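A quick write-up on the structure given underneath.
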Amino acid sequence: DAKTTQPPSMDCAEGRAANLPCNHSTISGNEYVYWYRQIHSQGPQYIIHGLKNNETNEMASLIITEDRKSSTLILPHATLRDTAVYYCIGAYKYIFGTGTRLKVLA
Amino acid sequence: SAVISQKPSRDICQRGTSLTIQCQVDSQVTMMFWYRQQPGQSLTLIATANQGSEATYESGFVIDKFPISRPNLTFSTLTVSNMSPEDSSIYLCSVGVPGQYGYTFGSGTRLTVV
């Protein structure tokens with residue numbers, strides 16, 4: 001299972017794009033990259049996943065580098081409700097890293 | 001998406017006792033996992049609950065301390081045995097539903113051992 005590395009915390013102004021990086025240099029060729037977020041006192045919530053191509057859904061966009069060693073989750077217009085811990089996971093089996101605590105500032 | 005009912009939502013228990021946590025899903029699922037989240041920490045995978053067979057435990061977790069049952073495709077239990085204050089955590093179940101992206105997590109059981 002791939003080990004992931006994320007910055008421990010980030011701030012973002014409300015309405016601006018939040019770009020959350022993740023390093024997963026040990027990911028294997030057939031392992032998907034998944035992103036989840038955990039809002040205080042709740043269980044983690046699925047956001048998006050990808051293998052090689054960039055992906056977009058109603059919540060976010062996922063940019064995966066060509067060598068698949070890193071990815072970036074983009075929240076295009078962050079709101080206060082996006083304040084949470086964001087986890088990047090690269091594995092069949094979900095091994096959570098320490099995540100990034102995103103604080104969206106008014 | 002699948003709806004998970006996890007019970008109890010919270011409990012305060014005496015050291016040396018055991019607590020069984022239930023995870024009920026409203027649809028048949030393929031994968032079921034149990035996690036622990038200690039205060040201020042990330043989630044740690046305890047085990048994969050296998051339907052009709054013994055659970056697969058991660059390093060550092062043993063069946064005697066965390067027995068798991070999964071009698072069918074919609075239900076699982078995790079027991080925290082012979083509890084100590086170090087077992088105070090949030091315990092979460094997570095499921096994979098066929099045709100659904102990602103896994104769904106329950107809201108967790110907040111356990112305090114005194």
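The model shown is predicted, which means the values in this text are computed figures rather than measured ones. Numbered from 1 within each chain, the chains take letters A, B, ... in sequence-line order.
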Side chain / backbone / both / neither for Q37(B) at chain A, heavy atoms under 4.5 Å
side chain
Determine whether I74(A) and L102(A) fall in the same hydrophobic cluster, where Ile, Leu, Val, Met, Phe, Trp and Tyr are linked whenever their side-chain heavy atoms lie under 4.5 Å apart.
no
Looking at every heavy atom in both Y87(A) and L43(B), which two are closest together, and how far apart are they?
OH-CD1, 4.1 Å
Structural part of Q38(A) lying under 4.5 Å from a heavy atom of chain B:
side chain
Answer with yes or no whether the hydrophobic clustering places Y35(B) together with I4(B); edges join I, L, V, M, F, W, Y residues whose side-chain heavy atoms lie under 4.5 Å apart.
no
Could you see if L78(B) belongs to whatever hydrophobic cluster contains L19(B)? Use Ile, Leu, Val, Met, Phe, Trp, Tyr and a side-chain cutoff under 4.5 Å.
yes
Return yes if some donor-acceptor pair links the side-chain N/O of Y36(A) with the main-chain N/O of Y103(B) below 3.5 Å, else return no.
yes
For L105(A), I'd like to know if atom CG has over 12 heavy atoms of other residues, nucleotides or ligands within 6.0 Å.
yes
Would you say Y86(A) ends up clustered with V33(A) if hydrophobic residues are merged whenever their side chains have heavy atoms under 4.5 Å apart, either directly or through other cluster members?
yes
Which value, rounded to the nearest 0.5 Å, describes the distance between I95(A) atom CD1 and E58(B) atom CD?
5.0 Å
How far apart are the closest heavy atoms of P44(A) and L92(B), and which atoms are they?
CD-CD2, 4.1 Å
Consider only side-chain heavy atoms of I, L, V, M, F, W and Y, link residues closer than 4.5 Å, and tell whether F105(B) and F66(B) are in one cluster.
no
Report yes or no: does S107(B) contribute a side-chain atom to a donor-acceptor pair with the main-chain N or O of G43(A) at less than 3.5 Å?
no
